[in-house]
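Step one of this worksheet: look at the structure below.
All chains are named by letter (A, B, ...) in the order of the sequence lines, taking the proteins before the strands, and each is independently numbered beginning at 1.
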Amino acid sequence: MSDSQLSATRAPSAGVSLFHYASPQTFFPLAGKLLWPSWIAAVALTLAGLYTGFFIAPTDATQGDSYRIIFIHVPAAWMSMVVYLAMAFWCAVGLVFNTRLSFMMSSALAPTGALWAFVALWTGALWGKPTWGTYWAWDARMTSELILFFLYCGYMALQAAIDDPRRADRAGALIAIVGAVNVPIIYFSVKWWNTLHQGASVSLTQSPSMASTMLTGMLLMALAAWAYTIAVALMRVRAIMIERERQTDWVRQLATGETKA
Amino acid sequence: MIGVFLSVMRRDLLLAWRRRSDMLTTLGFFLLVTSLFPLGVGPEPEQLSHIASGVMWVAALLATLLSVQRLFESDEADGTLEQMLLSVEPLAVIVLAKVCAYWLLTGLPLVVMAPLIALQFNLTPDETLIACATLLIGSPTLSLLGAVGASLTLGLRGGGALIALLVLPLYAPLLIFGAGAVDAWRAGLGVQSHFALLGACLLVALAVCPLASAAALRIAQD
Amino acid sequence: MKPRQKRFALVALGVAALAGAVTLVLTAFEDNMVFFFTPTQIATHEAPQDRTFRIGGMVEENSLERGADGTSVRFLVTDTAHRVAVTYTGALPDLFKEGKGVVAQGRLGADGVFAASEVLAKHDENYMPPEAAHALEQAKKAQATVVQ
Amino acid sequence: MNWESASDFWHMGGYGFYVWGSYAVTAVLLAFEVWAVARRGRLARVRVARDVAVERMDERRREPT
């Protein structure tokens, strides 16, 4: 009895969802095709960037070899901001056009963005110690990066606390957008606060003229970070699609190996 | 529209008046937290006046967080929230009315109590005035942002910690401008820009937060 | 009011609030931010007389005198145009050096001597008078030869 | 070439701890993320496959009646 009920309720929902979730179904194989090129690009660019950074770029006159941390520090800081913007963008798209795929994209991006923010903070601390003598200074950039990290955490915690995926998507989207509006305000306020306080007598301005090989290494690593983020976000969005659309025919066929993707 | 605004506000004020102890809890929390600081950092008047405005602002943030999460709770429990969602009047106006009532009940008492704390922390009359004025302009913004957090976390498990994680990062600029004004005054600098920026934050929050909070309530009750 | 009018009124209010916010931000930026007063500003009586403020500039070479008690010091702060005498009692920060930038917080006495309650040394060129910053930059350029 | 020997490379001009501390932690975190995401995707597929198998078994059992 219960079984027949089950299949009875499932049949129409599968029909509706096929119509409703048309885009995840078509996006899934596309993401799969993009996956390998992104991984290859990430690995190749990382190797090239590390080689340039460690073997071609010279030792910095003022900072010695400690400056080599920037090859991950700066790309990580960039990515943490780019990913937040991308996340907020997908959230806005989702709210406006009511597309589930964009919400899935933003939840797939969040952990990676938080990871980049953490890496930026961690490497910043390790760079700060030899460069200006302290692991942590309440510098404008570090403080805003920390708050950005908290914003990521808030988004993920809110999504995790809500069981209904529809509500989780929308509530998360709202806080992500409010956060994105706040990011420039936070950055400005912290910078202003820092200039007013001028307590710590350290300047984080980098060496004025950067050797071109250093810049090349940094840019290569930044591109590698882009490729990595794309690859891992695609992988995660595929997992999220399977989790959320597990009742649909295409996911069921996929999981049982009846279709390939 | 104005009628709805006023009647919602009057209702909330009346309800709160019947449960005065809630309001006093928040105020007590504010006074208690600020009084703990001298015990923690030592009684040197110089040091205390240094940290006074920061302590007042942090205590105000925490007091707001503590109370704001219950903003929509009773309405949800007795079904009023559903009525509000179904109302023909814009939900944002109703939310704004609720936030106004909430601020009158919890934000304003903090501002009124602030001189007492300034006295404890050895601030001069000028500095006291500035600290209170920053709280007066800043605390409505705290309430407005808190309302967004409260409506997002309505009925969720672990609401208290979650609302802190959501809202505290957004409070950072207010803390900087609010607490910074007294510091700037002590350093002989103008405080106009601090007040202008606090005012700008309040206006932006007035324009955005009721809408965001209303949207969050609709999502929560979907 | 009809719903459409209501919505219009709300949108108008929202836009007005945002416009007000923009105006306030602009006034905040126009209010030219001074982090400290220079000796020239003190000479022209621009600095506040009756309350604490910050003074910034360079410690003049060979101007540092230590008091007999060992903790009080007196030095001259200059911005190359004017100079102000500063007295201070307490430990000076490590970065405090003659010929380097300094920011001190305190009051200006009736005798024109600045009684500092706090001395913050700066080796960050951002807070130095432009002349000093320029000199520092030149020195930096001379140093910044990349070790191959 | 910047480095005379492998130990010179590890020493990083005295900044080995900071440089390798940064790179090692980053590498570990990224590797963990990739592992966790791959595991999540695999588990999701396995779970769906199991659900489908259980369902089909139920259907087959029902057929004779």
Side-chain angles (χ1 to χ4, degrees), chain A residues 3-4 6-7 10 39 42 46 50 54-59 63-73 76 108 111-112 115-116 118-119 122-131 225 228 231-236 238-247 251-258, chain D:
Chain A
D3 285 336
S4 66
L6 235 171
S7 53
R10 184 161 288 154
W39 278 127
T46 308
L50 287 179
F54 280 97
F55 295 101
I56 298 178
T59 303
Q63 299 181 21
D65 283 314
S66 68
Y67 92 92
R68 291 182 201 278
I69 293 171
I70 64 166
F71 296 122
I72 41 173
H73 174 72
T112 308
L115 182 82
W116 283 129
F118 179 81
V119 166
W122 175 268
T123 55
L126 280 177
W127 187 23
K129 185 64 184 167
T131 320
Y228 170 84
V232 89
L234 286 176
M235 230 164 111
R236 193 180 281 115
R238 272 160 63 98
I240 292 174
M241 276 181 209
I242 296 176
E243 283 167 5
R244 293 222 187 149
E245 320 259 299
R246 59 180 174 274
Q247 253 105 40
V251 169
R252 289 155 69 88
Q253 282 164 8
L254 187 86
T256 50
E258 284 155 37
Chain D
M1 194 46 134
N2 293 311
W3 320 103
E4 316 245 297
S5 65
S7 67
D8 193 23
F9 181 65
W10 293 118
H11 190 242
M12 260 306 140
Y15 296 115
F17 168 72
Y18 305 107
V19 174
W20 299 123
S22 302
Y23 280 85
V25 168
T26 309
V28 167
L29 285 175
L30 296 191
F32 173 77
E33 192 191 16
V34 172
W35 174 79
V37 173
R39 185 167 171 275
R40 183 175 173 182
R42 205 173 52 238
L43 280 183
R45 279 182 194 229
V46 167
R47 221 167 281 150
V48 175
R50 203 178 47 207
D51 287 355
V52 172
V54 167
E55 227 168 81
R56 286 192 183 154
M57 225 144 68
D58 285 349
E59 270 164 30
R60 232 173 286 136
R61 207 182 302 147
R62 234 188 358 252
E63 261 161 26
T65 56

**Q.** Closest-packed option against chain A by number of heavy-atom pairs under 4.5 Å, given Ser22(D), Gly41(D), Ala36(D)
**A.** Ser22(D)
Q.
Counting only non-hydrogen atoms closer than 4.5 Å, does Leu50(A) touch chain D with its backbone (N, CA, C, O), its side chain (CB onward), both, or neither?
A. side chain
Q. Nearest 0.5 Å, what's the OH-CD1 distance between Tyr23(D) and Ile72(A)?
A. 5.0 Å
Q. Mind checking whether Trp116(A) and Leu30(D) have side chains closer than 4.5 Å, heavy atoms only?
A. yes
Q: Give, as side chain, backbone, both or neither, the part of Ala231(A) having an atom under 4.5 angstrom from any heavy atom of chain D.
A: neither
Q.
Counting only non-hydrogen atoms closer than 4.5 Å, does Leu115(A) touch chain D with its backbone (N, CA, C, O), its side chain (CB onward), both, or neither?
A. side chain
Q | Test side chain to side chain donor-acceptor pair (under 3.5 Å) applied to Thr112(A) - qualifying residues, sequence neighbours left out | A | Arg236(A), Glu33(D)
Q: Answer with side chain, backbone, both or neither: which region of Val119(A) has an atom nearer than 4.5 Å to a non-hydrogen atom of chain D?
A: side chain
Q | Any residue meeting side chain to side chain contact (heavy atoms under 4.5 Å, CB included) with Phe17(D), in chain and number order, not counting sequence neighbours | A | Leu126(A), Tyr135(A)
Q. When rounded to the nearest 0.5 angstrom, what is the spacing between CZ in Arg50(D) and OG1 in Thr256(A)?
A. 14.5 Å
Q: Flag the one option from Val19(D), Leu43(D), Val46(D) with the top tally of heavy-atom pairs under 4.5 Å to chain A.
A: Val19(D)
(Q) Quick check on the 6.0 Å ring-centre criterion: do Phe9(D) and Phe54(A) meet it? (A) yes
**Q.** Heavy-atom contact with chain A under 4.5 Å, split by part of Arg39(D)
**A.** neither
Q) In Å and rounded to the nearest 0.5 Å, what is the CD1 to CZ distance from Ile242(A) to Arg42(D)? A) 12.0 Å
Q | Close side-chain approach of Arg47(D) to Arg246(A), heavy-atom, < 4.5 Å | A | no
